[in-house]
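Reviewing the structure listed below.
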Amino acid sequence: MVDSLGKKPHILVIPDDRLSRERSHLFMRQLHSLRRLGSVEILRDCQKQEAVLERLERYPGCPLLLAPWHQYLTWNRVEAKFGITRLKGPTFAGYFGEPISIQEFENTSSGFTRSLLVDFVDLRPGELQSVLKSLIHDNLRTGIRPWLESRTPSYMETWYSGHGLGFRMDQCLKLPGAAPWDDERGTAIRMAITALWALIYEEGPGKSELLNTVHAKIPKASFQVGCDEKAFVMRLGYRQRGHSPAEMVHVFRPDSTQPSHPAQLLMRYADFVRVQMIPDTGETEVTVVFFPSAPAERSPHLVRSHWVAPVASSLMTEKFLGEAPENDPLLLELPSAPSLLAPNAGAHPMDRQSFDRRVFESAITIRDLRRLLAEREAEVAELRAGGVGSNHEEFDPPEAEELIDALKDRIEANKMLLTGLQAELEELQVHEPDSYRVTGLKRSLNEQKRREQRWFTELARIFARHTSRDRESA
């Protein structure tokens, strides 16, 4: 890809002298893949700000400078060289060349009004190129189109004050091309949608405004989603004045002390989170990306690619708030729940209602059976791994603190799902008390509660087994 002058961009990279030999080799492989984006120059003799500033004088139009994350957070003079209040143009960003835990990251801080950090450890080369392209080129810095194939459609809808979460999670995972994502990352995507919803409805998913008919049709946010083989992307746009860029950096900074905060849920379950503020209008764009490599799934307690920064309104190349334009064939309205289960339009109303109920109940039954089958297959695989003639390796039992932390994380995630389902149920009981969806929501609530109870039972069983093993060894 070339810039507006027809030249490939020149990327400057400062190597991390803390990396081991193995990590340095893997890092260099990632850098080699970036040569598809432009020329890459490694500044091996620039480990201090003075040397970096001197080198930048030779490249006044350098679109991107990458520095190790621990230097990026402390190099205030380099950040000032690029412009503290910049809204577009050349960018200074940090990178991770080795796994960094959230606890280690929490011990560092910076006074920047932006935070641009890229993961060179878990992302595949093509995924890393997509992230860096949106940093290098201003026309790719916003929206969800840069993350998808050129002919992949996206879907949008407006969230109003009186809306509940409804079936939006299922709607998004029933879109064309979403089936593989539902199978592999369905739970994480649902958690991300719930977290995006909680960012808008601060007192829960519409709880305080469900019965307020005066403000029920006031637009609160715009939601957009699209998916294909490259990525599953969601975009939320809303107006919220009163938050400075530095405050937004603090809110979306990885923080293990607030695991249930919507921003922290996004940082944990998504592979990449981008938050951009438009100072002129008070609008905020939150983009959440899931990649096939699934770094959040494999390393949930590590810091991953994210950035929080102000951006110029002129860079908003995709429609932000409002209805989908009619002249854009790739931007469609998000299908509503009834249209996904609609029978023959000429059928009798009672026949359509019974058809909807049967289809809905059948879908729930199929989903429950699939979940049960997956659990049974996992149990069979576990038994086979420990059977006679296998090469099963005996591992030390986990520490009690690790089990408690894992249980706490699952309970927090389950609590968010229960809150969203309960809000849906309350909304339906007010507006559609006889709807067949009420039965389905009650069933989903009961299933989540039973799953939580199984976690407690399994934890007690593990503790009992380990206690008896310790007694026998004693």
Side-chain angles (χ1 to χ4, degrees), residues 1 3-4 9 11 37 61-67 72-73 78-95 110-119 129-148 154 156 196 199-200 221-226 231 233-253 262-263 266-267 270-289 304-322 331:
M1 183 174 289
D3 58 18
S4 58
I11 305 171
L37 303 180
C62 170
L64 179 62
L65 171 65
L66 292 172
Y72 167 76
L73 295 176
V78 176
E79 172 71 9
K81 175 69 174 179
F82 281 85
I84 296 177
T85 60
R86 68 183 184 276
L87 301 179
K88 58 182 179 180
T91 302
F92 176 42
Y95 69 84
S110 70
F112 297 171
T113 57
R114 72 195 74 242
S115 178
L116 307 173
L117 294 166
V118 183
D119 179 13
Q129 292 170 27
S130 296
V131 173
L132 293 180
K133 267 196 254 184
S134 59
L135 272 177
I136 296 172
H137 303 279
D138 284 347
N139 61 328
L140 303 178
R141 197 163 290 190
T142 63
I144 72 173
R145 298 302 319 166
W147 306 99
L148 304 172
S154 62
M156 69 175 297
L196 290 173
L199 284 176
I200 304 301
S222 177
F223 177 72
Q224 189 176 359
V225 59
V233 193
M234 295 181 288
R235 178 184 183 229
L236 181 69
Y238 60 95
R239 291 186 177 93
Q240 187 176 13
R241 293 184 178 274
H243 291 282
S244 66
E247 290 174 338
M248 295 297 285
V249 169
H250 177 73
V251 169
F252 283 89
R253 179 183 177 84
L266 289 176
M267 301 295 287
D271 300 328
F272 172 72
V273 177
R274 183 183 66 195
V275 182
Q276 301 188 117
M277 301 79 69
I278 306 176
D280 297 339
T281 61
E283 296 174 344
T284 300
E285 179 198 56
V286 181
T287 307
V288 180
V289 185
R304 289 176 295 280
S305 299
H306 66 276
W307 75 62
V308 185
V311 67
S313 58
S314 60
L315 300 186
M316 285 293 172
T317 56
E318 298 180 33
K319 190 172 180 61
F320 195 70
L321 294 173
L331 183 57

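In this structure, the side chains of L65 and V78 come closer than 4.5 Å at one or more pairs of heavy atoms. Between T287 and F272 the shortest side-chain heavy-atom distance does not fall below 4.5 Å. Inter-residue side-chain proximity for F92 and L66 is flagged as unmet; no heavy-atom pair is nearer than 4.5 Å. Taking 4.5 Å as the limit, every side-chain heavy atom of L64 sits out of range of all side-chain heavy atoms of P90. Contact check for L87 versus V311: no side-chain heavy atoms found under the 4.5 Å cut-off. When side chains are defined from C-beta on, E318 counts as touching P146, because their heavy atoms get closer than 4.5 Å. Two residues are said to be in side-chain contact when any heavy atoms from C-beta on lie closer than 4.5 Å; Y238 and S222 fail this criterion. Contact annotation: the side chain of E285 approaches that of R235 to within less than 4.5 Å [non-hydrogen atoms, C-beta and beyond].
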Working for side-chain contact (heavy atoms from CB on, under 4.5 Å), residues V233 and V225: CA-CA 6 Å; V233 193; V225 59; over 6 Å; no

Evaluation steps, side-chain contact (heavy atoms from CB on, under 4.5 Å), between R141 and Q276: CA-CA 9 Å; R141 197 163 290 190; Q276 301 188 117; 3.4 Å; yes

Chi angles and distances behind the side-chain contact (heavy atoms from CB on, under 4.5 Å) call for V131, W307: CA-CA 10 Å; V131 173; W307 75 62; 3.8 Å; yes

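Considering CZ of R145 and OG1 of T317, their distance stands at 10.5 Å, rounded to 0.5 Å. Atom NE2 in H137 sits 10.0 Å away from atom CG in L132 (nearest 0.5 Å). The CG atom of L315 lies 8.5 Å from the CD1 atom of I278; values are rounded to the nearest 0.5 Å. Here CE of M156 is found 10.5 Å from CZ of F223. Values are rounded to the nearest 0.5 Å.
The only option from V286, V275, L116 that meets the side-chain contact (heavy atoms from CB on, under 4.5 Å) definition with V308 turns out to be V275.
Every residue two or more places apart in sequence or in another chain that forms a side chain to side chain contact (heavy atoms under 4.5 Å, CB included) with S314 is listed here: K88, A312. Residues satisfying the side chain to side chain contact (heavy atoms under 4.5 Å, CB included) criterion with S115, sequence neighbours excluded, are L117, V249, H306.
Shown here for L236 and L196, the closest heavy-atom pair between the two residues is CD2-O, 3.6 Å. The minimum heavy-atom distance linking M316 with T142 is given by the pair CA-OG1, 3.6 Å. Scanning all heavy atoms of the two residues, the minimum distance from M277 to T284 falls at CG-OG1, 4.1 Å. S134 and R274 make their closest contact through CB-NH1, 4.3 Å (heavy atoms, listed as atom of the first residue, atom of the second, distance). Looking at every heavy atom in both residues, L135 comes nearest to A93 through CD1-CB, 4.2 Å. When all heavy atoms are compared, the tightest approach of D119 to S305 is N-OG, 2.7 Å.
Taking a cutoff of 4.0 Å between a charged side-chain nitrogen and a carboxylate oxygen, E79 and R86 qualify as a salt bridge.
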